[in-house]
Amino acid sequence: MNEAKKQWILKYMSDPIHKGEFIDITAEPFVNAYVDKFKPEIVEWYAYGAPKVPEINKLLAELYKEGKVWRYRHYCEIYRDGYPRWFYVYNL
């Protein structure tokens, strides 16, 4: 199932509709689309922003280790509001 999820992520990233869209654990359109598609067991919902879905982080890291995506570290200025202090942003 993880391979199917990773393939879905790669397809999502390569879709021209999502060109220029950030792909990371805080990207609301991406995370919500993933939740709608796969209905993961662990989803932490917040009053605003993207829900926290731990498996997304693992899948993105696996894609990076496999050399299928690249990433850069992003410092989050609003980390006190429930966001992480930093996270990776991924791209093809």
Side-chain angles (χ1 to χ4, degrees):
M1 184 61 158
N2 276 355
E3 287 306 313
K5 291 177 179 180
K6 288 193 281 189
Q7 289 305 312
W8 181 88
I9 291 171
L10 292 172
K11 184 177 178 185
Y12 183 96
M13 293 173 85
S14 64
D15 190 322
I17 293 171
H18 306 293
K19 185 178 181 182
E21 186 177 312
F22 290 111
I23 304 297
D24 59 58
I25 60 171
T26 66
E28 199 168 353
F30 168 68
V31 174
N32 287 336
Y34 181 90
V35 169
D36 289 344
K37 174 73 176 174
F38 294 107
K39 314 285 190 259
E41 287 184 30
I42 301 172
V43 179
E44 296 177 25
W45 295 96
Y46 298 103
Y48 59 89
K52 183 177 180 182
V53 184
E55 70 183 54
I56 290 176
N57 199 28
K58 291 177 187 175
L59 294 168
L60 288 168
E62 286 177 20
L63 287 168
Y64 173 74
K65 289 175 185 174
E66 294 167 5
K68 296 179 179 173
V69 297
W70 59 272
R71 69 184 182 188
Y72 64 90
R73 193 171 170 170
H74 178 76
Y75 176 75
C76 184
E77 295 178 10
I78 58 171
Y79 68 90
R80 289 177 210 85
D81 291 338
Y83 288 91
R85 183 180 297 262
W86 67 269
F87 51 86
Y88 288 113
V89 176
Y90 294 83
N91 208 330
L92 293 174

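All of these numbers come straight from a predicted model, not from anything done at the bench.
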N/O donor-acceptor pairs under 3.5 Å from side chains in residues 29-40, not counting sequence neighbours:
unit_1: Asn32; atom_1: ND2; unit_2: Glu28; atom_2: O; d: 3.3
unit_1: Tyr34; atom_1: OH; unit_2: Glu55; atom_2: OE2; d: 2.3
unit_1: Lys39; atom_1: NZ; unit_2: Asp36; atom_2: O; d: 2.5

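- Ile42 and Ile56 are members of different hydrophobic clusters when ILVMFWY side chains are connected at heavy-atom separations under 4.5 Å.
- Counting only heavy atoms from C-beta outward, the side chains of Leu92 and Ile23 never approach each other to under 4.5 Å.
- Closest approach of Ala50 and Ala27 over heavy atoms only: CB-C, 4.2 Å.
- Within 6.0 Å of atom CD in Glu41, 12 or fewer heavy atoms from other residues, nucleotides or ligands are found, so the atom counts as exposed in its surroundings.
- For Glu62, the salt bridge (charged side-chain N to carboxylate O under 4.0 Å, His left out) test picks out Lys6, with sequence neighbours left out.
- The two atoms that bring Val43 and Pro51 nearest to each other are CG1-CB, 3.7 Å, heavy atoms only.
- In this structure, the side-chain hydrogen bond (donor to acceptor under 3.5 Å, both in side chains) partners of His18, at least two apart in sequence or on a different chain, are Tyr12, Glu21.
- Taking 4.5 Å as the limit, every side-chain heavy atom of Tyr90 sits out of range of all side-chain heavy atoms of Leu63.
- With values rounded to the nearest 0.5 angstrom, Asp24 atom CG is found 4.5 Å from Phe87 atom CZ.
- Side-chain contact check for Ile9 versus Met13: some heavy-atom pair is nearer than 4.5 Å.
- The closest side-chain heavy-atom distance from Val69 to Leu10 is below 4.5 Å.
- Atoms CG and CZ, on Leu60 and Arg71 in that order, are 9.5 Å from each other to the nearest 0.5 Å.
- A continuous path of hydrophobic side-chain contacts links Ile25 to Tyr72 [ILVMFWY only; heavy atoms under 4.5 Å].
- In this structure, the separation between NZ on Lys19 and CG on Asn91 is 10.5 Å, given to the nearest 0.5 Å.
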